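Everything quoted here is computed from the prediction, not taken from an experiment. All ligand and atom numbering here is 1-based and tracks the order in the structure.
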Amino acid sequence: MLPIGDTVARASDRLADLVERSNLVRVQTPQAFRLEALRSAYAQWQTIAPTDETTVLRAAGMEVAAVAGDLSLEKLTTPADFERAEQWLASRMIPRTGTGFDVHAFAGEGPVMLGGIAVPHNRGLAGHSDADVVLHALTDALLGAGGLGDIGEHFPPSDPQWKGASSDRFLRHAIDLLRDRGAVIDHLDCTIIAEEPKVGPYRAAMRARVAEIAGLGLDQVSIKATTTERLGFTGRREGIAAQAVASIRMGLSR
Ligand SMILES: Nc1ccn([C@@H]2O[C@H](COP(=O)(O)O)[C@@H](O)[C@H]2O)c(=O)n1
Ligand SMILES: C[C@@]1(CO)OP(=O)(O)OP(=O)(O)OC[C@H]1O
């Protein structure tokens, strides 16, 4: 049971007399009873559905012991109750960030897979899978945010089953692992580092595809690109790099 903090009064369409609340309590559920007592009390209960079990036991002449209630056991009955519970749960979620980075070298013929779409290019990318640096960097960022290892741990490059695999499944796997742990994915951001191909014309399609694979809204995904001003291996057009950041919220494990 819980004490009543509010003023208590009789009312119809207007407020009427106050009720002395010092000897009133709120009776919470769930409640615990000896099974035999509960069965026997319900066998004797013949009126309309009771609002709780104490009513049934007391009607059968039994005494019910009272123990201190707990506000965190509040019942979820109305939509407002659910909203309050969700806010309470959200307040216990801690923001976490993960970063990911990946590189694949140009080899063979295009197109290149970037952000889950085939981008026309005169050269392709070498890799055990489809070599989608964007999805690999995003996958590692998500795994990092969850403290769940890295992409190679989940999909070893030595395992022939991932040969030529579409990287959609790597990203989806990281998302599923996080969601199974009750995490909320707030935002994914990826920067593609390459002189070529130009990402601009495909940015919107990549963003939409990543959002679709991850089960996120468009406004929760960002795809950017930069060159390295012809410097370094990306500047020499030897390959493409991508770096990603995943912002999530996850409950405390302790
Ligand atoms: N592969 C790329 C690289 C760059 N872009 C776009 O060009 C802008 C300028 O790049 P800088 O490296 O000179 O900063 C960049 O902000 C991107 O919008 C691109 O589309 N594809
Ligand atoms: C994606 C995996 C799958 O075997 O292989 P690659 O396509 O080579 O990609 P990389 O980012 O180098 O390594 C991660 C591997 O898990």
Shortest non-hydrogen contact between P201 and K198, atoms and distance:
CD-O, 3.7 Å
Examine the proximity of ligand 2 to [X] and report which part, side chain or backbone, both or neither, has a heavy atom under 4.0 Å away.
X	value
H136	side chain
H154	neither
D102	side chain

Residue, atom name and distance, where the atom is the protein heavy atom closest to [atom]:
atom	value
atom 14 (O) of ligand 1	T226 OG1, 3.5 Å
atom 2 (C) of ligand 1	A194 O, 3.5 Å
atom 20 (O) of ligand 1	G200 N, 2.9 Å
atom 13 (O) of ligand 2	P157 CG, 4.4 Å
atom 8 (O) of ligand 2	H128 N, 3.0 Å
atom 2 (C) of ligand 2	F155 O, 4.1 Å
atom 16 (O) of ligand 1	A225 O, 3.4 Å
atom 19 (C) of ligand 1	V199 N, 3.5 Å

Just wondering, more than 12 heavy atoms not from R169 lying within 6.0 Å of its CZ?
no
Purely on distance, is any nitrogen or oxygen of F170 under 3.5 Å from one on ligand 2?
no
Does the N or O separation between S129 and ligand 2 drop below 3.5 Å for any pair?
yes
So if I count the atoms of ligand 2 from 1 in the order they appear, which ones are less than 4.0 Å from some heavy atom of [X]?
X	answer
G152	16 (O)
I151	1 (C), 14 (C), 16 (O)
H104	6 (P), 7 (O), 8 (O), 9 (O), 10 (P), 11 (O), 12 (O)
P156	4 (O)

Between E196 and ligand 1, is there a nitrogen or oxygen pair with a distance under 3.5 Å?
no
Measure the [atom1]-[atom2] distance between [X] and [Y] for me, rounded to the nearest 0.5 Å.
X	Y	atom1	atom2	result
L177	L148	CG	CG	5.5 Å
S247	Q220	OG	CD	10.5 Å
L57	E63	CG	CD	11.5 Å

Among the heavy atoms of A126, does any lie under 4.0 Å from an atom of ligand 2?
no
Got a protein heavy atom sitting under 4.0 Å from atom 9 (C) of ligand 1?
no
Side-chain donor or acceptor of [X] paired with backbone N/O of [Y] under 3.5 Å:
X	Y	answer
R26	L2	no
T228	G235	yes
R203	I223	yes

H154 and T139: side-chain donor and acceptor closer than 3.5 Å?
no
Would you check if there is a donor-acceptor pair between the side chains of H187 and S222 at a distance under 3.5 Å?
no
What I'd like to find out is whether the side chain of L114 reaches to under 4.5 Å of the side chain of Y202, using heavy atoms alone.
no
Any side-chain heavy atom of E53 within less than 4.5 Å of one from V64?
no
So which of E109, E196, E195 actually passes salt bridge (Lys or Arg N to Asp or Glu O under 4.0 Å) with R123?
E196
Salt-bridge contact K75-D81 (side-chain N to carboxylate O under 4.0 Å)
no
May I ask which of T227, I193, T234, T228 has a heavy atom nearer to atom 12 (O) of ligand 1 than the others do?
T227
For E229, the ligand 1 atoms with a heavy-atom partner under 4.0 Å come out as 13 (O)
Contacting atoms of ligand 1, where contact means under 4.0 angstrom from a heavy atom of R203
18 (O)
Test item, P197 contacting ligand 1 (heavy atom, 4.0 angstrom):
yes
